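What follows is a set of notes on a single structure, which appears directly below.
No experiment lies behind these values; they were computed from the predicted model shown. What's counted below: heavy atoms across the whole structure, side chains too, no hydrogens, waters or symmetry copies. Counting starts at 1 for both ligands and their atoms, in listed order.
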Amino acid sequence: MSHPLVGMDLADLREALGSAQPGYRARQVYEALYRGQASEFVQISTLPASLRSELSAHHRVGLPEVAQLYQSADGTRRYLLRLDDGRTVETVLMPEGERDTICISSQVGCPVDCKFCMTALMGLERNLTAGEIVGQVLLVTRENHLRQDGGRLNIVMMGQGEPLLNLENVVKAARILLDPGGFALSPRRVTVSTAGIIPRMEELGREPVRPKLAISLNASTEESRQELMPITRKYHLKDLMAACKAYPLRPWEKLTFEYVLLRGVNDSEGDARRVAKLLANLNCKVNLIALNPGPGIPFETPDPERVAEFQSTVRRSVPCFVRKPRGLDIYAACGQLKRQLVMPE
Ligand code: SAH
């Protein structure tokens, strides 16, 4: 079967087109695929008809297929996308006021095993390719007629998977999304989130072209973090804070910390004070997420008053926001991506 072109960078495309084509053809295909969001070769009007039919005969664009679409009462859409090998993965579109955010996956399932997250219950099925990562964005923008140049579009790699455990493909996808000749999004509009894989954070920091970084903190002490996020037995809180301190931020950039609030577990005033202290000398902001519940998750959501108090304590030291849950009714919110079926009412 022919290889999909989505996910190829300029050098890959040159090779795929072969030496019989002049060099600039690869660039035309590259620009049409990403900036132009072409989903079929016949649409690429800059190419001669002969090349268009040759491409159609031997290649395919290679976007994922929509296996199921769930529509939330709040406007959120969860896409279950079918990949080439028949596996499915989820992508979420959250339209809101002045902006549209697409939450994409980096792996099918996730190996990290956080105790509050439904994706963990899937385990890891496999890494996504760079093409499957970029393909999620192109599919959702195409289906919803979204443009990347209107200043509305944001991408977060916060779906299924731990992006930094698939760093090579994530970086390749990010280069295509951020390349001014490619999908041409600003690096301010793309965020990758990690459970705190310290050596990979250092690698990402060395990339000249990279998204912004968010870190899932989720606990205020080493002990509680290791219980909630077993992977952190390898990557200690103290070392994580040192890596954050050393992270090479660009002049316009702040780190983001995410903190899921679990009633009676990590949501006390003491926790809030410890979070404030941990982050006090970092250039950062905090997003609090009250637990989104789901089958198999043995925790409860704190009351809104507790969340507000926690926020005001953390705010004494760093900017702190409460993330509004989106798509709760269709299992599209943070920590709910597990290919959950939603029964029609
Ligand atoms: N593996 C990466 C990317 C996933 S991001 C990471 O850990 O950062 C998913 C975000 O959702 C994380 O910040 C996580 O803390 C949060 N989350 C996970 N399960 C949740 C749940 N049940 N309710 C609310 N937030 C949750």
Inset, instruction - Using a 4.0 Å heavy-atom threshold (strictly under), name the region of Ile289 that reaches ligand 1: side chain, backbone, both or neither. - result: side chain
Legend entry - Where ligand 1 meets Ser193 - atom numbers and elements under 4.0 angstrom, heavy-atom basis: 2 (C), 3 (C), 5 (S), 6 (C), 8 (O)
Legend entry - Check: Gly161 N/O within less than 3.5 Å of ligand 1 N/O: yes
Legend entry - Contact with ligand 1 for Ile297, non-hydrogen, under 4.0 angstrom: no
Inset, instruction - Decide whether an N or O pair under 3.5 Å exists between Phe116 and ligand 1. - result: yes
Inset, instruction - Looking only at protein heavy atoms, identify the closest one to atom 9 (C) of ligand 1 and say how far it is in Å. - result: Met158 O, 3.8 Å
Inset, instruction - Report yes or no: is the cationic atom of Arg78 (NZ for Lys, CZ for Arg) closer than 6.0 Å to the six-membered ring centre of Tyr70, at no more than 45° off its axis? - result: yes
Inset, instruction - Report yes if Asn218 has an N/O atom closer than 3.5 Å to an N/O atom of ligand 1; otherwise report no. - result: yes
Inset, instruction - Answer yes if the side chains of Gln160 and Gln107 hold a donor-acceptor pair under 3.5 Å, and no otherwise. - result: no
Inset, instruction - Would you kindly specify which portion of Val260 sits under 4.0 Å from ligand 1, judged on non-hydrogen atoms: side chain, backbone, both or neither? - result: side chain
Inset, instruction - Over 60° means perpendicular and under 30° means parallel, so classify the ring planes of Phe41 and His59, tilted if in between. - result: perpendicular
Legend entry - Quiz item: cation-pi between Arg315 and Phe321, 6.0 Å / 45°: yes
Legend entry - Min heavy-atom dist Val112 to ligand 1 below 4.0 Å: no
Inset, instruction - Would you mind checking which non-hydrogen protein atom is closest to atom 21 (C) of ligand 1, with the distance to 0.1 Å? - result: Cys334 O, 3.4 Å
Inset, instruction - For Glu15 and Ala11, indicate whether the former's side chain and the latter's backbone hold a donor-acceptor pair under 3.5 Å. - result: no
Legend entry - Nearest-contact summary for atom 19 (N) of ligand 1 - protein heavy atom, Å: Gly335 CA, 3.1 Å
Inset, instruction - For Ala195, counting its heavy atoms only, list the atoms of ligand 1 lying under 4.0 Å from any of them. - result: 6 (C), 7 (O), 8 (O)
Legend entry - Any Pro325 heavy atom less than 4.0 Å to ligand 1: no
Legend entry - Sidechain-backbone polar pair: Asp100 side chain, Pro95 backbone, donor-acceptor under 3.5 Å: no
Legend entry - Residues Asp149 and Arg35 bridged, charged N to O under 4.0 Å: no
Inset, instruction - Scan side-chain atoms only and decide if Glu90 and Gln136 contain a donor-acceptor pair under the 3.5 Å cut-off. - result: no
Legend entry - Protein heavy-atom partner closest to atom 10 (C) of ligand 1 - residue, atom, separation in Å: Glu258 OE2, 4.0 Å
Legend entry - Sole candidate of Leu178, Leu177, Val190 that passes side-chain contact (heavy atoms from CB on, under 4.5 Å) when paired with Phe183: Leu177
Inset, instruction - Provide the number and element of each atom of ligand 1 under 4.0 Å from a heavy atom of Ser216. - result: 6 (C), 7 (O), 8 (O), 12 (C), 13 (O), 15 (O)
Inset, instruction - Name the closest protein heavy atom to atom 23 (N) of ligand 1, giving the residue it belongs to and the distance to 0.1 Å. - result: Asn292 N, 2.8 Å
Legend entry - Any donor-acceptor N/O pair, Asn144 side chain to Leu146 backbone, under 3.5 Å: no
